[in-house]
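Working notes, structure below.
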2 protein chains.
Amino acid sequence: MSAPTRETIIATADRLFYERGFEATSFANIAEKVGISRGNFYYHFKTKDEILEAVILRRLAFTQDMLAQWQAEGKTPVDRIRLFIHILVRNQTKIMQHGCPVGTLCSELSKQQHPALAHATRLFTLFRLWLSGQFTELGLTERADSLAMHLLMRSQGVATLAQSFQDEAFVHEEVRLMDNWLNDLIDVKG
Amino acid sequence: MSAPTRETIIATADRLFYERGFEATSFANIAEKVGISRGNFYYHFKTKDEILEAVILRRLAFTQDMLAQWQAEGKTPVDRIRLFIHILVRNQTKIMQHGCPVGTLCSELSKQQHPALAHATRLFTLFRLWLSGQFTELGLTERADSLAMHLLMRSQGVATLAQSFQDEAFVHEEVRLMDNWLNDLIDVKG
DNA sequence: TAGTAATTAGGACAATTGACCTAATCGGTA
DNA sequence: TACCGATTAGGTCAATTGTCCTAATTACTA
C-alpha cells in the first residue's frame, strides 16, 4: 500500500469534510483536489464510510498528539485548561468560517443517523477526559467531569454563534468570561 | 394559490429540513411526505432556495409568535428569561435527536456558503433582541446584549453536546447552572 | 532481464438529483 | 352550459452521485 497517496487522500478528505461537510463532499471533489483519478481513489477506499472512518481515526490521532503537547507545555492544570480555552482565539478565523471541526461533524452525522456518530463523539470524549483530568488534579475530583462538560459546552456554543454572526469581538468576550470562570473556580477552592 | 397545499408543503419541508438537514432533503422526499407529485411541487416552488426561503420565513413567524407568548406569559423579566432557558428541557427529546433547529441550520448554510445564511441568522437575532430587552428591563442596560449572546451561546453548546452524547442528565445539570447564573445576576444587581 | 504484485487511469453502471415541460383536471364565473 | 385560470400529475432532461470493472502502468523481486 502506498502510504503517501493514501495519507494525502485522508488529509484532503479531512479538510474538505471540515470546510464543506461530509455529505456535501463527493469522491470526485476529493480526487480532484488530490490530483488522482476516481478509479485510483476507489482502489484505496471502497466506500464513502470507509474514508470517513479513516478521517475520524486521523483526527483522533491528531487530537491525542495535541493533548499530549498541551500536557507538556502547560506547567499547571490551570495553564493547560487555558490552552484549551484559547483554541477559540488561535483558530478563530477557521471557526468563524466552518465552525468547530468536532461539533459540526457530530451534528451532521447525528442528523443522518450515521453509524459513525459514536466514533466521531470519541473526539469529544478525548477532550472531556483530558479536561476532567486537569480538574481532578486541581482537587475538584467530584465535579471534574461536570466541569469538563461545561467547558466543552461553552466552546461549542461560542463556535456555533461565531459561525453564524461572524462576530470577532463576541469570541474574545466569551473567552475572557471563560478565563474569569476558571479564576473564580480556583479562588473558591483555595 | 391554494393556501392549504402550499402551507402543507412548507410545514413538511420545515420538519424534514430540521430532521435530516436542508441538503439531505430532496424535492421527492418532501413531495412523498405531503402526498403530491413532484410536478405539483414544482408548481408551488420553482427552486430549492425558494422553499428554503419560505421555511425560514415560517420559522421567523413562529418564533415571533412564541416570543410574544412568552412576553405575555412571564410576569417578570426573570420569569421570561427562564421560559427561554427551559426550552432545552421542554424540547429535550427533539434536541437530542436533531439538535437546535436554528443552530444546525445556520451551521449547514454556513458550510455551504449559502446566501440564505443571513436570513437564517435572523432567527438568532430575534432571540437575541428579545433576551436583550429582558436584561434591559432588569436594569442591566449596558451589558444587556452581551448577556443575551451569552445565554444564546450556552443553549447552543448544550444542544450540540446533548445531540452528540445523548446525555439527559447533562442537559438538566446545565439548565440548573443557567438558572443559578440568572439568580446570581440579579443578586449582584439588587 | 523476466515476471509478479501494487498502483493508477479511465470508463461504465444504475440511481438520484434539481429543474423543466406539457397535458389533464379542477373550480368558479359568465 | 361553456369557458378560463388555477392546480395537479406524470414524464423528461442533463448532471452528479457512489460504486464497480478492466486495462494499462509502475515498482519491486527472482
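Chain letters run A, B, ... following the sequence lines, proteins first and then strands; every chain starts at 1. Basis for what follows: all heavy atoms, side chains included, without hydrogens, waters or symmetry-related copies. What you see is a predicted model, and the numbers here were worked out from it, not measured in a lab.
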Report yes or no: do B/Glu23 and B/Gln112 form a side-chain donor-acceptor pair below 3.5 Å?
-> yes
Evaluate the ring planes of A/Phe41 and A/Phe27, with Trp represented by its six-membered ring, and classify them as parallel (under 30°), tilted (30 to 60°) or perpendicular (over 60°).
-> tilted
What are the residues of residues 106-118 of chain A, sorted by number, that bring a heavy atom to within less than 4.0 Å of DNA chain C?
-> none
Within the pair A/His44 and C/dA6, is there a side-chain N or O less than 4.0 Å away from OP1 or OP2?
-> no
Strictly by modelled atom types, are B/Gln134 and B/Gln71 linked by a side-chain donor-acceptor pair under 3.5 Å?
-> yes
Say whether A/Glu174 and B/His150, considering side chains only, have a donor N or O and an acceptor N or O under 3.5 Å apart.
-> yes
Distance from B/Thr63 atom OG1 to B/Leu67 atom CG, nearest 0.5 Å?
-> 6.5 Å
Should B/Met96 and B/Val102 be counted in the same cluster of Ile, Leu, Val, Met, Phe, Trp and Tyr side chains packed under 4.5 Å apart?
-> no
Taking the inter-plane angle between the rings of B/Phe124 and A/Phe165 on a 0 to 90° scale, is it parallel (under 30°), tilted (30 to 60°) or perpendicular (over 60°)?
-> tilted
Verdict with reasoning, A/Glu32 to A/Arg38, per salt bridge (Lys or Arg N to Asp or Glu O under 4.0 Å) | CA-CA 8 Å; A/Glu32 188 196 10; A/Arg38 278 156 295 135; over 6 Å; no
Kindly say if B/Asn40 contacts the phosphate of D/dA9, meaning a side-chain N or O under 4.0 Å from OP1 or OP2.
-> yes
How long is the line joining CD1 of A/Ile36 and P of C/dA6, in whole Å?
-> 18 Å
Given atom CD1 of B/Ile9 and atom P of D/dT7, what is their separation to the nearest angstrom?
-> 11 Å
Once base and sugar-phosphate atoms are separated, protein heavy atoms under 4.0 Å mark nucleotides 17-24 of chain C, 5' to 3', with B, S and - as SSSB----
Does A/Tyr43 place a side-chain N or O at less than 4.0 Å from the phosphate oxygens OP1/OP2 of C/dT7?
-> yes
